[in-house]
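Everything on this sheet refers to the single structure shown next.
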Amino acid sequence: MKIEVAENAGFCFGVRRAISLALDAAREYGEVYTLGELIHNEIVVDRLDKKGVHAVDDLSMCRGRSVVLRSHGVPRKVEEQARKECRAVIDATCPFVKKIHDIAGSLPESAKLIVIGDGGHPEVKGIVGHAACRAFSCKDKAELESLFESGEIGSADKVAVVSQTTFDRSRFADLSEQVRERYGCVEIFDTVCDATAKRQESARGLARRAALMIVVGGRSSSNTRKLAEICGQYCKTVFVSCAAELPMQALKGLRSDSIIGITAGASTPADTIKEVHEKMNKEIINNNENEEDFASLLEQDQSFNRLYTGKRVKATVVSVSKKEAVVEVGAKQTGYITREELSNDPNAEVEDIVKPGDVIDAVVIKVDDSVGTAALSKKRVDAALGLEKLEAVKESGETIEGNVAQVVKGGVIVIYENTRVFIPASHTGVPRGGKLDDLKGKSVKFKIIEVSNERGGRVVGSIRQANREQRDAERAKFWETIEVGQKFEGEVRSIENYGVFVDIGPIDGLVHTADLTWNRVGHPKDIVKIGDKINVVVKSFDPEKKRVSLTAKDPEDNPWTKFTADYAVGDVIKATIVSITEFGAFAQIIPGVDGLIHISQISAERVADINTVLKVGQEVEVKIIDIDEEKNRVSLSIRALSESKPSESEE
Ligand code: SF4
């Protein structure tokens with residue numbers, strides 16, 4: 001014999017979510033109260049009660065306390081009253097039920113709403129209580145016909161039809177079609193929940209092949225009763241609320257190749273299904289000595305118990321909220337991933353990381369079968385993948401890029417593909433004493449210098465190394481492409497007595513004092529200061545010694561060109577003495593062009609000490625006696641002026 005559990009059985013999404021929200025609230029507020037039992041299953045209600053989730057019948061019993069609205073939802077007025085009177089309201093209404101509330105609430109006042117479902121069921125009461133127009137409920141043909149005959153619908157402008165979420169879809173289709181036939185303008189919303197439809201379909205499919213179906217669930221659960229009703233149409237069916245109720249005599253008379261099917265209502269927890277499954281297994285093994293069957297039964301059991309801590313799964317995101325993402329993992333449990341387990345980035349919001357429909361890799365970190373939930377982590381899978389990736393990055397020496405998420409003691413944290421990379425302060429590229437906070441939120445390029453698997457993985461990076469490598473590459477390219485005459489805009493980095501060093505990108509070049517300006521310079525600091533931006537031209541370079549000689553003199557401003565255009569040998573001009581040496585005095589003709597008055601050209605008389613005749617700053621009349629265009633030299637003479645004047649006797 002073979003035991004098969006229906007593909008869709010046990011807690012539905014809405015029930016798991018409601019239980020999870022209620023337990024969270026009980027932890028936060030100490031205890032909470034649900035308006036009616038949270039779930040139609042005595043075992044679960046008992047367990048919840050022990051964990052601080054108590055069921056009460058009336059809102060008046062919740063005044064000043066924290067109240068949980070169940071997955072069925074409540075009428076709008078009840079919700080409003082709860083918000084006024086209760087300490088806190090935890091709305092665990094299933095999102096699928098909420099959708100029907102929205103439809104009902106958006107109808108015009110003149111419309112009429114027919115809810116196909118059991119008028120006594122809290123979900124239907126809640127839907128009717130949210131309608132913005134008059135609303136009626138009908139669960140079968142007889143009720144629908146009496147509604148028609150009552151004339152209540154009358155000549156409504158618009159008739160809308162919705163369904164209780166757990167209603168049988170084909171019956172809903174029949175009944176809603178009858179409404180359409182009766183009234184012309186009808187809008188039909190198929191709001192049957194897929195979770196219910198899927199459970200019913202799975203149960204039907206399994207019952208067709210099975211010799212015996214075991215339906216597990218609370219007797220007050222209408223959807224479980226409905227499953228039993230469906231299965232009963234195809235094979236022998238037993239309805240139990242727990243393993244202890246299993247009627248083992250039902251196995252008698254089954255053939256050795258029979259299939260025994262198990263299904264469960266939306267309010268049946270996974271562990272109750274598991275207990276039933278295990279008990280059936282033991283019973284069959286006791287009745288069957290075939291080793292092969294024993295092994296296959298064990299295998300079935302393992303496949304049933306699919307989720308366990310540490311298991312890697314593909315998870316589909318169902319919904320996201322500020323605190324967590326709810327995911328479907330193809331198991332009996334509802335998966336959830338808290339914001340902290342989604343990403344390593346403390347600044348990331350849940351909706352920035354995942355959106356409904358995303359399929360992600362996650363690892364199970366806790367399974368709680370008592371409430372049918374499984375806590376998962378995405379960041380741990382990402383971190384494991386990230387470690388492998390970063391190990392490869394380290395090996396290849398590649399430079400990667402990430403955002404600085406946090407400033408921590410001794411450095412910063414960069415997030416790379418959801419993996420935390422620690423960059424020590426000394427590797428951030430921020431000078432000692434600088435502010436690491438300035439890096440926060442910035443994208444930085446860095447290298448991986450250490451990857452270790454210790455304590456869940458530690459990765460260390462270096463921005464400094466990446467910067468250094470980039471500089472080296474730029475330098476290599478600089479030496480390959482540099483040319484004499486190449487122009488740069490550089491920044492003065494330091495000033496020396498003999499010139500200034502200018503940052504022209506990958507390296508600093510030297511502008512000798514004489515190359516700073518066409519004019520005569522005393523000290524470079526008289527011309528520039530550190531941080532000044534100046535235009536420079538490459539005069540020469542030595543790739544071996546890594547030296548570049550620059551000039552800041554613009555050829556277009558070359559005063560020598562101006563001088564040769566305006567002056568000639570024989571011209572008598574005014575010049576200013578700018579310096580005196582042993583062999584003569586230099587006199588400025590125009591800025592940037594000085595001429596030499598040799599000591600022998602100062603006077604017809606012998607001059608022993610030039611300083612007795614000339615002074616710096618003195619303006620003198622001179623004659624240009626020679627121009628050496630190759631060497632850019634001008635010779636001047638005062639003596640030539642007195643010689644060219646006629647003597648008194650000649651006069
Ligand atoms: Fe929500 Fe569907 Fe479950 Fe009802 S059966 S609680 S609508 S998921």
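Atoms within a ligand are numbered from 1 in the order they appear, just like the ligands themselves. In what follows, every heavy atom counts, from backbone to side chain, and hydrogens, waters and symmetry copies are set aside.
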Study note, to complete from the structure: Honestly, for Cys94 the part within reach of ligand 1 (heavy atoms, under 4.0 Å) is side chain
Practice item. Return the orientation label for the His101 and His130 ring planes: parallel under 30°, perpendicular over 60°, tilted otherwise. Key: parallel
Of all the atoms in ligand 1, which lie at a distance below 4.0 Å from a heavy atom belonging to [X]?
X	result
Cys193	2 (Fe), 5 (S), 7 (S), 8 (S)
Phe96	1 (Fe), 7 (S), 8 (S)
Thr165	4 (Fe), 7 (S)
Thr196	5 (S)

Check your understanding: Between Leu113, Ile114, Ile116, Val124, which is the residue that forms a side chain to side chain contact (heavy atoms under 4.5 Å, CB included) with Ser137?
Key -> Val124
Practice item. State which residue, out of Lys378, Lys366, Arg380, fulfils the salt bridge (charged side-chain N to carboxylate O under 4.0 Å, His left out) condition with Glu341. Key: Arg380
Check your understanding: Side-chain donor-acceptor pair under 3.5 Å between Gln406 and Arg420, yes or no?
Key -> yes
Point to revise | Side chains of Thr165 and Glu123, donor plus acceptor under 3.5 Å | key: yes
Review point. If you measure from the Lys or Arg side-chain nitrogens to the Asp or Glu carboxylate oxygens, is any gap between Glu80 and Lys84 under 4.0 Å?
Key: no
Practice item. Indicate if the distance from atom 2 (Fe) of ligand 1 to the nearest N, O or S atom of Cys12 falls below 2.8 Å. Key: no
Review point. Nearest protein heavy-atom contact for atom 8 (S) of ligand 1: which residue, which atom, what distance?
Key: Gly14 N, 3.4 Å
